[in-house]
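What follows is one structure encoded as structure tokens, with my remarks underneath.
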Amino acid sequence: MAKFKINGKWLLGIGYPQGPVISVAMSVINTNYKHSTEDEVRELLLQVLAAPQDYLEHALLDKIAVKLYQEEVEKPAIIPLKEEAVPYTVYGASFIDEGAVKQMTGAVHLPVAVAGALMPDAHQGYGLPIGGVLATENAVIPYGVGVDIGCRMCLSIIDLPETVLTGQYDKFKKELESKTVFGAGGILKADKDDAVLDRKEFEEIPLLKRLKDKAVMQLGTSGSGNHFVEWGIVEVLDVENKLDLPPGRYVALLSHSGSRGMGAQVANEYTKLARELCPLPQHVQHLAYLDLNSEAGQEYWLAMNLAGDYASACHHLIHKRLIKAVGGNILLRVENHHNFAWKERYEGKDVIVHRKGATPAGEGVLGVIPGSMTAPGFIVRGRGYEQGLNSASHGAGRQMSRSKALKSITGHDLRAVLKEHGVTLIGGGLDEAPMAYKDINTVMAAQQELVDIIGRFTPKIVRMADPGPSED
DNA sequence: ATGTCC
């Protein structure tokens with residue numbers, strides 16, 4: 001029989017943990033057991049692995065046992081979940097996928113959970129589901145906010161009648177194409193002056209200091225995925241709507257985007273830190289949280305707020321450029337984050353409310369819920385419904401995964417539905433086709449308790465990122 | 001969502 005030579009891969013193969021014990025075991029075996037067979041060595045090492053405490057004084061194997069024992073003792077203890085979950089309310093349960101409900105069920109078992117809610121556009125995400133709302137006590141969950149921190153809607157209602165858009169359609173289209181920047185990486189080369197870049201957090205938090213150059217370059221850009229900028233028509237529906245605008249039809253600009261690479265890196269860095277500081281059972285490990293009183297928690301909170309303000313600044317620059325280009329003035333602006341965390345009150349106590357793909361809907365709070373590129377979006381006023389955690393959906397929600405949409409929708413299908421609705425699309429992939437989304441009217445009907453509809457936005461010229469290389 | 005693992 002060929003002489004057995006131990007190696008690291010073999011040790012990992014029999015179940016030894018990655019770490020310092022590997023080199024120790026190799027040296028011990030090669031020194032003291034060089035005449036043993038592979039089977040004998042395996043048997044011996046498995047016994048030590050199963051009960052290292054019994055071998056701490058062993059003449060030959062003690063070094064291995066000590067390393068194993070140390071790793072076991074030093075490994076941070078998994079934080080146990082609540083035995084009994086806090087309550088959460090589901091809106092539109094009949095069209096929410098099982099994965100999203102499962103994730104929400106995990107979230108309301110977190111030791112810091114106070115209450116939850118699932119919005120009718122919910123679908124499975126990473127950590128908290130998209131459309132998930134979670135109130136916690138003195139803790140913030142980076143992946144309860146999401147990767148695109150401060151992803152938001154911004155609607156500007158412009159002092160131009162509908163006839164200007166229909167009469168100068170080509171000009172509106174040309175400006176939308178030339179004055180927006182889409183795509184991964186996306187850099188805006190001029191017109192990027194904003195006070196957000198002067199914020200002291202960029203100097204005070206080391207991570208933000210490293211991200212500032214990227215933030216400067218990407219300011220005023222839109223990104224990719226489901227992000228868009230579009231011209232359309234707003235109908236103000238009700239004179240009693242507190243919108244301070246007479247009912248009627250107005251040209252409007254609607255945008256959807258977030259905090260670009262800067263926010264993404266903030267999210268990923270702090271969730272990594274949270275997972276080290278807050279080890280949770282595997283099925284909820286992405287919901288790792290930071291204590292708000294801890295240094296890391298306070299840093300994340302500042303960085304998250306800066307990313308939110310940065311996202312807001314991006315929208316404002318986009319709107320300023322485009323509205324100036326078509327010669328209009330803003331009559332009214334409605335805007336809101338839908339990936340963010342806020343300090344709010346719930347049942348009389350201070351909580352942190354995470355909304356990951358959910359629109360704030362406190363009493364009287366205005367928000368925008370988009371439909372799809374061919375379906376109307378809505379200006380809504382929150383009803384302040386506490387059981388729904390003062391929230392509403394952030395859109396129609398997907399009914400098809402991106403991959404399923406790419407497989408089942410053709411370019412012909414997309415062109416047909418655009419034509420039917422009189423919508424011009426610049427860029428945009430099949431995975432963003434209207435058919436990939438739920439029916440917005442069904443979704444709105446499922447959240448009548450949460451928001452009142454006070455205006456309607458109909459898209460006319462839509463700009464999205466160009467489709468990825470896997471598409472035509 | 002993000003140049004999709006610093």
In whole angstroms, how far is the P atom of dG3(B) from the CZ atom of Phe182(A)? 14 Å
Assign each of Arg210(A) and Gly225(A) to its nearest nucleotide of DNA chain B by heavy atoms, then name whichever residue's nucleotide is nearer the 5' end. Gly225(A)
Base, sugar-phosphate or nothing for Ser224(A)? Non-hydrogen atoms, less than 4.0 Å. sugar-phosphate
Indicate, with a heavy-atom threshold strictly under 4.0 Å, whether Lys214(A) touches base, sugar-phosphate, or nothing. sugar-phosphate
Of the non-hydrogen atoms in Gln265(A) and Leu207(A), which two are nearest, and what is the gap between them? O-CD2, 4.2 Å
Distance, rounded to the nearest Å, where Leu207(A) contributes CG and dT2(B) contributes C1': 14 Å
In whole angstroms, the gap separating P of dG3(B) from CG of Leu211(A) amounts to 11 Å
Salt bridge Arg355(A)-Glu344(A), side-chain N to carboxylate O under 4.0 Å: yes
Separation of dT2(B) atom C1' from His227(A) atom NE2, nearest Å, is 10 Å
Nearest-angstrom distance from the residue atom OH of Tyr310(A) to C1' of dT2(B): 13 Å
note: Met262(A), atom CE; dG3(B), atom C1'; distance rounded to Å ~ 18 Å
Ordered by number, residues from residues 143-155 of chain A within less than 4.0 Å of DNA chain B (heavy atoms) are Val147(A), Asp148(A)
For dG3(B) and Gln218(A) - does any side-chain N or O of the residue sit under 4.0 Å from the phosphate oxygens OP1/OP2? yes
Heavy-atom count around Lys320(A) NZ within 6.0 Å, excluding the residue itself: above 12? no
Reckon Gly261(A) touches a base, only the sugar-phosphate, or nothing at all at heavy-atom distances under 4.0 Å? sugar-phosphate
Decide if the gap between the ring center of His109(A) and the ring center of His283(A) is smaller than 6.0 angstrom. no
In short, Cys151(A) meets His256(A) closest at the heavy-atom pair SG-NE2, 3.3 Å
Upstream residue (5' side of DNA chain B) when Gly183(A) and Gln265(A) are each assigned their closest nucleotide: Gly183(A)
For atom NZ of Lys272(A) and atom P of dT2(B), their distance in whole Å: 20 Å
Ring centers of Phe457(A), Phe378(A) separated by less than 6.0 Å: no
Cationic N near anionic O, under 4.0 Å, Glu269(A) to Arg210(A): no
